[in-house]
Amino acid sequence: MTITKKHTSQALVHILFWMLFVFVSLFLFSDFYWKENPFLQYVILLVAIVYVNHFFLLPFFVKKKWYLLYVLVFSGISLFATQLYCYVFAQCGCSIPKCLSDYLWQTLVPLIFFSFIWILYRFMDEQEEVEKIKKEHAEMELKFLKSQINPHVLFNNLNTIYSYSIEKPNETPELILMLSDNLKHVLYESNEKTITLEKEIHFIDNYIKFQTIRTEGVKRISYNKYIDALNHQIAPLLLITIIENAFKHSTLNSEIVVDIKVEQGILYFTCQNNFDKNKLSTTDLKIGLQNLEKRLELIYKSNYQFKISKDDVFKVVLKLNLN
């Protein structure tokens, strides 16, 4: 649903509801006096209450996940508004139980209805976002896979393996196995929602080792890791997006630093590299990190911290709760 269509449909729902609500309240549940009926005056206050709830209270309490507190606030507003209608607008002089039984529905119906509408559209937005992220994730996987099997890159990898087959033949089978493992990881294992941290770290180990060989004499690589347990689950291809960007956009004769630390279920990841400030706005770089942040928001919600700094070096810091 496009933004314009969504806003139009929401506006129509709101207008139709208020028209129907006023009609039912005036014609079916009260004496019909356009000029004297206090309900018409109360509608203005009711509209204000409904939209304060719609635009401020609901988003705030749902974001904080204070659901019980919201129910209490919701109930308090409903009771107060009903009493206000009884004793200020209608001036019925009835008892509190009688007031609530006769008029509480006029406050509750619009509040409940528009709360439901807010939740419904929020759910629809989240579903659209999920589908969008899934599509972007699939595109990212395909793009990464293409980068691995791109003829130019593949020939470079094969040339590296060929050189090793002559100079260091004993290490050649390991290089072939690493390339095969990484292709298998991207093709098959990355389709899972989460995989073991052990598999993802193994994939990164292979990737960095291969890149170390390929960029020998051109770039310096510092790869450090401390992991207290490998049995945690993690979304696949999160960290590699940052690492790949570092290799791709770092300058020649520079250093790439990758630090991975996992302690008590918290992952601390840092990747930094020198960069050319004139090329910092590269589209591939920006899109890759933006897609990554969208995936983090979708999968980990508030259980992550993601920061990019561009001072002397390009530095990406990620803190992720794996529990």
Side-chain angles (χ1 to χ4, degrees), residues 140-141 144 147-148 157 160 164 168 171 173-186 188-190 192-251 254-275 285 288-289 291-293 295-296 299-300 303-323:
M140 182 195 70
E141 290 173 349
F144 186 79
S147 74
Q148 297 300 294
N157 291 343
T160 302
Y164 259 62
K168 302 177 183 179
E171 297 183 24
E174 183 183 359
L175 290 180
I176 296 173
L177 183 60
M178 284 193 299
L179 185 59
S180 174
D181 282 348
N182 279 11
L183 289 173
K184 183 179 71 173
H185 183 82
V186 175
Y188 303 111
E189 293 172 351
S190 64
E192 302 294 329
K193 185 177 180 181
T194 60
I195 59 173
T196 61
L197 182 62
E198 182 178 13
K199 287 183 177 180
E200 190 71 4
I201 293 297
H202 178 65
F203 172 65
I204 292 172
D205 289 344
N206 286 350
Y207 181 86
I208 290 182
K209 189 170 183 179
F210 217 99
Q211 292 298 325
T212 301
I213 295 170
R214 284 187 56 197
T215 59
E216 186 176 4
V218 179
K219 296 180 182 180
R220 301 182 305 278
I221 300 167
S222 174
Y223 178 41
N224 309 293
K225 59 181 180 178
Y226 168 77
I227 301 171
D228 62 1
L230 287 166
N231 58 345
H232 297 291
Q233 294 287 314
I234 187 172
L237 302 180
L238 284 179
L239 306 182
I240 196 63
T241 302
I242 304 170
I243 297 172
E244 186 190 22
N245 276 331
F247 278 100
K248 188 174 181 180
H249 299 286
S250 58
T251 56
S254 63
E255 184 178 23
I256 297 171
V257 178
V258 178
D259 292 325
I260 301 175
K261 179 181 178 181
V262 178
E263 194 170 26
Q264 297 182 351
I266 306 296
L267 182 145
Y268 304 89
F269 174 82
T270 304
C271 182
Q272 65 183 46
N273 61 275
N274 297 95
F275 65 98
L285 172 63
L289 294 180
N291 287 347
L292 172 63
E293 191 162 14
R295 285 190 67 208
L296 288 168
I299 300 170
Y300 292 99
N303 294 317
Y304 79 95
Q305 295 177 16
F306 184 69
K307 183 180 179 182
I308 299 173
S309 58
K310 310 165 190 175
D311 298 323
D312 295 332
V313 295
F314 190 90
K315 185 176 181 180
V316 180
V317 178
L318 174 64
K319 180 180 176 183
L320 194 63
N321 188 347
L322 301 175
N323 292 316

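Not measured: the values here are computed from a predicted model. What's counted below: heavy atoms across the whole structure, side chains too, no hydrogens, waters or symmetry copies.
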Could you report the tightest heavy-atom contact between [X] and [Y], atom names first, then the distance?
| X | Y | result |
| --- | --- | --- |
| N206 | D181 | ND2-CB, 3.6 Å |
| E200 | L238 | OE2-N, 3.8 Å |
| N323 | Q264 | ND2-O, 3.5 Å |
| I243 | F269 | CG1-CZ, 3.8 Å |
| F203 | L237 | CE2-CD2, 3.7 Å |

- Donor-acceptor pair, side chain of Y304 and main chain of I299, under 3.5 angstrom: no
- Is S250 reaching over with its side chain to a backbone N or O of A246, donor-acceptor style, under 3.5 angstrom? yes
- Test log, rule side chain to side chain contact (heavy atoms under 4.5 Å, CB included), inputs K199 and L230: CA-CA 9 Å; K199 287 183 177 180; L230 287 166; over 6 Å; no
- Task: Step through the shown structure and confirm whether more than 12 heavy atoms of other residues, nucleotides or ligands are within 6.0 Å of CG on D312.
- Result: no
- Message: Can you confirm whether more than 12 heavy atoms, excluding those of E216, are under 6.0 Å from its CD atom?
- Response: no
Return a table of donor-acceptor pairs under 3.5 angstrom between the side chains of residues 255-262 and protein atoms on other chains or two or more places apart.
unit_1, atom_1, unit_2, atom_2, d
D259, OD1, N224, ND2, 2.7
K261, NZ, E263, OE1, 3.3

Inter-residue atom distance [X].[atom1] - [Y].[atom2], 0.5 Å rounding:
| X | Y | atom1 | atom2 | answer |
| --- | --- | --- | --- | --- |
| K219 | R214 | NZ | CZ | 9.5 Å |
| K319 | K307 | NZ | NZ | 13.0 Å |
| L267 | N303 | CG | CG | 13.0 Å |
| I195 | I201 | CD1 | CD1 | 9.5 Å |
| L289 | I308 | CG | CD1 | 4.5 Å |
| Y223 | K209 | OH | NZ | 12.0 Å |

Are the side chains of [Y] and [X] in contact, using a 4.5 Å heavy-atom criterion?
| X | Y | answer |
| --- | --- | --- |
| L177 | E174 | no |
| F306 | I242 | yes |
| L292 | L318 | no |
| V317 | Y268 | no |
| L296 | L320 | yes |
| L175 | F210 | yes |

- Query: Which pairs pass salt bridge (charged side-chain N to carboxylate O under 4.0 Å, His left out) with one or both residues in residues 222-243, sequence neighbours excluded?
  - Reply: D205-K225
- Item | V316 and N245: CA distance, side-chain angles, deciding distance, side chain to side chain contact (heavy atoms under 4.5 Å, CB included) verdict | CA-CA 10 Å; V316 180; N245 276 331; over 6 Å; no
- Output, in order, the C-alpha distance, side-chain angles, deciding distance and verdict of side chain to side chain contact (heavy atoms under 4.5 Å, CB included) for Y207 and E244. CA-CA 9 Å; Y207 181 86; E244 186 190 22; 3.5 Å; yes
